[in-house]
Amino acid sequence: MKSMSLLVALFAAVGWSAHAGVAEITIGITPNCPYGNAAGCWSGAREALAHLDDVQDVEIQPDLYNCTIHLHLKNESLPDPQKWRRHFLAAVGGAYDFRGVEVTLDDAILEKANGNLVVRVSGIPAPISLVPLSGKLQWNFRKHHTRGLEDEERTAYETLLAQNREGTSAPLTVRVTGPLQMSNQGWQLELREFIITGGPLPH
């Protein structure tokens, strides 16, 4: 965990702070067109994504290596991934598969609720639960399955939980990234990676 501690110290030392809130939204899309995963297969997906609730624009170039694409929202909000999936698939038929949504949240306030980690983010009224990562959004098109978890991704939740125990009463602020889920209890983020951006440094 030495590398993680160095990252924390570096960002704290330079006073790094991004715009608080939803920094990035990544969508996992698998094209089923006869040309494979070529860039030309993505135009229909971009058009369908652009018509989803609260979407402002969709980036032109997809990440072909991971079969993902970034988009930007009109407001500081989080989507309902299941609702997006239904609306997207209704628009594209069988031309694409919608694998899910990954988000990055900046300057999130880390808290505990019943022993579990949650974050509070500017512009989002309800806390977002953090849970261990069950699988990545990033996709290996050639092998037809998700890309494997790296060690730091597999242990990200437990590592952050341990870092939080080491702190003082002052809250940590973090940048967190991972797949977003919506349940009856609210939003859940499967923690894939994090950076501590403020608060007490880990030992």
Legend entry - Candidate pair D107 and S122, rule side-chain contact (heavy atoms from CB on, under 4.5 Å), full reasoning: CA-CA 8 Å; D107 284 356; S122 174; over 6 Å; no
Of the non-hydrogen atoms in [X] and [Y], which two are nearest, and what is the gap between them?
{"X": "G115", "Y": "L161", "result": "O-CD1, 4.3 Å"}
{"X": "P179", "Y": "L133", "result": "CD-CD1, 3.7 Å"}
{"X": "Q56", "Y": "L73", "result": "OE1-O, 3.6 Å"}
{"X": "T68", "Y": "W42", "result": "N-CH2, 3.8 Å"}
{"X": "P31", "Y": "G36", "result": "CG-O, 3.9 Å"}
{"X": "V101", "Y": "I25", "result": "CG1-CG2, 3.9 Å"}

Under a 3.5 Å distance rule, please check whether [X] uses its side chain to pair with a backbone N or O of [Y] as donor and acceptor.
{"X": "R85", "Y": "F98", "value": "yes"}
{"X": "E190", "Y": "S134", "value": "yes"}
{"X": "E76", "Y": "V22", "value": "yes"}
{"X": "N32", "Y": "G94", "value": "yes"}
{"X": "Y96", "Y": "C41", "value": "yes"}
{"X": "D97", "Y": "R99", "value": "no"}
{"X": "E158", "Y": "T155", "value": "no"}

Answer yes or no: are there more than 12 heavy-atom neighbours, outside [X] itself, under 6.0 Å from its atom [atom1]?
{"X": "E59", "atom1": "CD", "answer": "yes"}
{"X": "E24", "atom1": "CD", "answer": "yes"}
{"X": "K83", "atom1": "NZ", "answer": "no"}
{"X": "Y65", "atom1": "OH", "answer": "no"}

Show, in sequence, the C-alpha distance, side-chain angles and deciding distance for Q138 and K136, and conclude whether the side-chain contact (heavy atoms from CB on, under 4.5 Å) test is met.
CA-CA 5 Å; Q138 290 71 21; K136 292 168 72 167; 3.5 Å; yes
Quick check for you: to the nearest 0.5 Å, what is the distance between [X] atom [atom1] and [Y] atom [atom2]?
{"X": "D53", "Y": "H87", "atom1": "CG", "atom2": "NE2", "value": "6.0 Å"}
{"X": "L110", "Y": "L117", "atom1": "CG", "atom2": "CG", "value": "5.0 Å"}
{"X": "D57", "Y": "H72", "atom1": "CG", "atom2": "NE2", "value": "5.5 Å"}
{"X": "I196", "Y": "R175", "atom1": "CD1", "atom2": "CZ", "value": "14.5 Å"}
{"X": "T104", "Y": "L180", "atom1": "OG1", "atom2": "CG", "value": "11.0 Å"}
{"X": "E102", "Y": "I27", "atom1": "CD", "atom2": "CD1", "value": "10.0 Å"}

Could you see if [X] belongs to whatever hydrophobic cluster contains [Y]? Use Ile, Leu, Val, Met, Phe, Trp, Tyr and a side-chain cutoff under 4.5 Å.
{"X": "W139", "Y": "L64", "result": "no"}
{"X": "V103", "Y": "V118", "result": "no"}
{"X": "W187", "Y": "V131", "result": "no"}
{"X": "F88", "Y": "W84", "result": "yes"}
{"X": "I69", "Y": "L137", "result": "no"}

request  = Carefully, step by step, assess K74 and D54 under the rule salt bridge (charged side-chain N to carboxylate O under 4.0 Å, His left out).
outcome  = CA-CA 5 Å; K74 297 175 183 176; D54 296 324; over 6 Å; no
How about I124 and V119: do any of their side-chain heavy atoms sit closer than 4.5 Å?
no
